Every structure is written in structure tokens, then in C-alpha cells.
Amino acid sequence: MEIVTTRAALAEALAVRNGRPRGFVPTMGALHAGHISLVERARRENRVVVVSVFVNPTQFNDPGDLERYPRTPQEDIRLLDKAGTDIVFMPAPQEIYPEPDTRVFVLAGVSEVMEGATRPGHFNGVAQVVSRLFDLVRPDRAYFGEKDFQQVAVIRAMCRECGYGLDIVACPTVREDDGLAMSSRNTLLDPAHRAAAPAIYRAMDRAAQEVREALAKGSSLSVAEVERRVTEEINSEQLLEVIYFRLVNAHTLAPARSWDEEGGVQGCVAVQAGTVRLIDNLRFI
């Protein structure tokens with residue numbers, strides 16, 4: 001495995017390993033089993049695997065959140081080597097942004113709702129960094145976890161907007177044994193908030209089962225009623241506060257109006273757990 005920190009060194013490493021197809025896994029580090037599952041899939045499906053480790057400043061609208069974001073570079077290197085990575089790109093910010101990035105992306109309307117509405121500028125920053133990384137790595141396939149469901153939709157919209165001809169591969173969310181979606185931010189939870197956090201998945205999973213059972217019997221709960229129930233159940237945990245829970249069209253991210261949305265219905269949630277913001281999602285139909 002080769003570790004590079006500059007654009008020039010990355011270009012040289014890619015020239016040496018010029019096999020195709022080339023798989024790419026962009027990360028912000030503090031890696032866990034969810035990230036490694038992406039790398040392992042990329043390893044199975046490509047001749048060359050590149051992973052970036054870069055905490056992107058342009059997608060943080062809270063400087064404190066950027067400062068607190070966990071960083072574990074040595075452990076990341078160990079895990080990536082074990083997973084069969086060929087090239088690890090660990091740049092400094094000036095390598096990605098030698099000049100300020102002033103680009104503004106349209107993103108087909110998928111960036112304005114949910115995370116976009118509550119974190120202004122976040123997804124434009126995601127599009128900035130991912131497009132720059134795509135330009136540097138030139139992958140055939142790029143791998144992202146479905147835990148960041150809206151982000152995957154944003155990146156696909158960005159690819160259409162910019163004309164990138166690569167496959168965006170969305171991989172299943174990896175969960176802890178108690179159901180909590182794996183996230184680098186989980187390491188920031190204190191013991192009490194960590195114990196409360198699995199209620200997020202439990203509430204969504206219970207509601208999804210109720211919806212499916214009702215539909216199978218020829219009846220149904222309304223979308224609004226399910227949104228209310230899930231929100232109230234999570235908020236019943238005193239250490240958790242729902243920022244939003246939305247049932248949306250799984251393709252367009254527009255608010256779901258019924259359970260027969262073309263493309264399915266996805267439940268998406270953001271929850272404040274002390275100082276830590278947690279997100280998750282689950283397919284309902």
C-alpha cells in the first residue's frame with residue numbers, strides 16, 4: 001500500500017498502477033467497519049483501489065464541528081492496509097483547495113431539503129470536494145455508504161451536472177449490534193448518549209414494520225401520522241432531540257404523499273444527542 005499526500009504524488013502513484021477498473025472510496029477518516037465494507041467491495045470489483053482520507057472544511061457550517069471531528073490517521077492506515085487498499089491519499093487542505101472554491105452547484109433540488117435545510121452550504125461543500133477528488137483520482141467506480149442517503153443522491157446529481165461518466169455504488173448501512181448506524185461521530189458520544197442512541201433505529205424499524213403490516217391487511221397509516229409517531233418515540237428518550245424525521249420519495253427526496261410513491265419511500269432522520277448530530281435512514285416501502 002502506498003500513502004501519498006500531494007496531488008503530484010497521487011498522479012505518479014496512479015500512473016504506476018494504471019490498471020482498470022479503478023475503484024475509489026472517499027472518506028473523512030476515523031474509519032470503522034462501515035468504511036471498511038466499502039473498501040472491501042471496491043477490492044472485489046476493481047483492479048486498483050484508492051481511498052482518500054480528508055476532513056473537508058467546506059462542508060462544515062459550524063467551525064466547532066470541524067474542530068471536533070475525530071481524526072485517527074495511524075489507525076486508518078492500519079485498517080486500509082489490512083483491507084487491501086492500493087493507494088491512500090491523505091492531503092492537506094491546500095492540496096485540494098490551492099485557491100478558494102467558489103463553485104455553486106444546482107444539484108437537481110436534492111440538496112435543499114433535510115440536511116440541506118438545516119445545514120446551509122453543507123452539500124455544496126460535499127459537491128466541491130467530491131468533484132475535485134474525482135478529477136484527481138479519475139475512478140471508474142466510487143463507493144458510498146447508504147447511511148448518508150441524501151449525500152448519495154447529491155453526488156449522483158453532481159455527477160449528472162458535471163458530466164462524470166462513472167458508477168456511483170451505494171452500499172448498505174453497517175450497524176452496531178444494537179442497531180445504531182456506524183458513524184465516525186459515534187466515538188464522540190458520552191456513555192449516556194451512546195446508550196440512548198439505538199432508539200433512533202428502533203423507532204424507525206418499528207414504524208416501518210407497522211406500515212408494512214397495515215398495508216398487507218389492506219389498511220394503512222397516513223404518512224403524517226407515521227412521521228409524528230417516530231418523532232415522538234425518539235423524543236421520549238430524554239437525551240435525544242429530533243431535528244427532523246421525514247418520509248420522502250426514495251428517488252427525488254420530495255416529501256412522500258402516500259405509500260405508493262414510484263421508487264419507494266425512505267425515512268430519513270437527524271437527531272441531536274448532546275453535542276453530537278446523528279443521522280440515519282431506513283426504507284419503509
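Along the sequence shown, residues are numbered consecutively beginning with 1. In this text, all values refer to a predicted model and were calculated from it rather than measured experimentally.
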State the [atom1]-[atom2] distance between [X] and [Y], to the nearest 0.5 angstrom.
{"X": "Ile155", "Y": "Gln150", "atom1": "CD1", "atom2": "CD", "value": "11.0 Å"}
{"X": "Leu239", "Y": "Asp190", "atom1": "CG", "atom2": "CG", "value": "7.5 Å"}
{"X": "Glu2", "Y": "Asp86", "atom1": "CD", "atom2": "CG", "value": "10.0 Å"}
{"X": "Thr118", "Y": "Asn61", "atom1": "OG1", "atom2": "CG", "value": "8.5 Å"}
{"X": "Glu95", "Y": "Met90", "atom1": "CD", "atom2": "CE", "value": "13.5 Å"}

Check your understanding: Quick one: does Leu282's side chain get under 4.5 Å of Asp205's, heavy atoms only?
Key -> yes
Review point. Does a sphere of radius 6.0 Å around CZ in Arg47 hold more than 12 heavy atoms from other residues, nucleotides or ligands, not counting ones at 6.0 Å or beyond?
Key: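 Atom CZ in Arg47 is not packed in, count stays at 12 or less.
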Check your understanding: Should we say atom CZ of Arg283 is surrounded by more than 12 heavy atoms from elsewhere, each under 6.0 Å from it?
Key ->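 Above 12, so yes.
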Check your understanding: Is Arg228 salt-bridged to Glu225, going by a charged N under 4.0 Å from an acidic O?
Key -> yes
Donor-acceptor pairs are to be reported for all side-chain atoms of residues 76-85 against protein atoms at under 3.5 Å, with residues two or more places apart or in another chain.
unit_1: Asp76; atom_1: OD1; unit_2: Ala30; atom_2: N; d: 3.4
unit_1: Asp76; atom_1: OD1; unit_2: Leu31; atom_2: N; d: 3.0
unit_1: Asp76; atom_1: OD1; unit_2: Thr72; atom_2: OG1; d: 3.1
unit_1: Asp76; atom_1: OD2; unit_2: Ala30; atom_2: N; d: 3.1
unit_1: Arg78; atom_1: NE; unit_2: Glu75; atom_2: OE1; d: 3.1
unit_1: Arg78; atom_1: NE; unit_2: Glu75; atom_2: OE2; d: 3.4
unit_1: Arg78; atom_1: NH2; unit_2: Glu75; atom_2: OE2; d: 2.6
unit_1: Thr85; atom_1: OG1; unit_2: Leu80; atom_2: O; d: 2.9

Review point. By salt bridge (charged side-chain N to carboxylate O under 4.0 Å, His left out), which residues pair with Glu45, not counting sequence neighbours?
Key: Arg41
**Study point:** Contacts of type salt bridge (charged side-chain N to carboxylate O under 4.0 Å, His left out), residue Arg138, not counting sequence neighbours
**Key:**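 Per chain and number, Arg138 pairs via salt bridge (charged side-chain N to carboxylate O under 4.0 Å, His left out) with no residue.
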Practice item. Keeping to residues at least two apart or across chains, list the side chain to side chain donor-acceptor pair (under 3.5 Å) pairs with something in residues 179-189. Key: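 Counting only pairs at least two positions apart or across chains, the side chain to side chain donor-acceptor pair (under 3.5 Å) contacts touching residues 179-189 are Asp65-Arg185.
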Check your understanding: Distance-only, no hydrogens or angles: does the Glu237 side chain make a donor-acceptor pair with backbone N or O of Glu233 under 3.5 Å?
Key -> no
Check your understanding: Transitive ILVMFWY cluster of Val174 at side-chain heavy atoms under 4.5 Å: who else is in it?
Key -> Met182
Point to revise | Sequence-distant partners of His122, ring-ring contact (aromatic ring centres under 6.0 Å, His included), two or more places apart | key: none
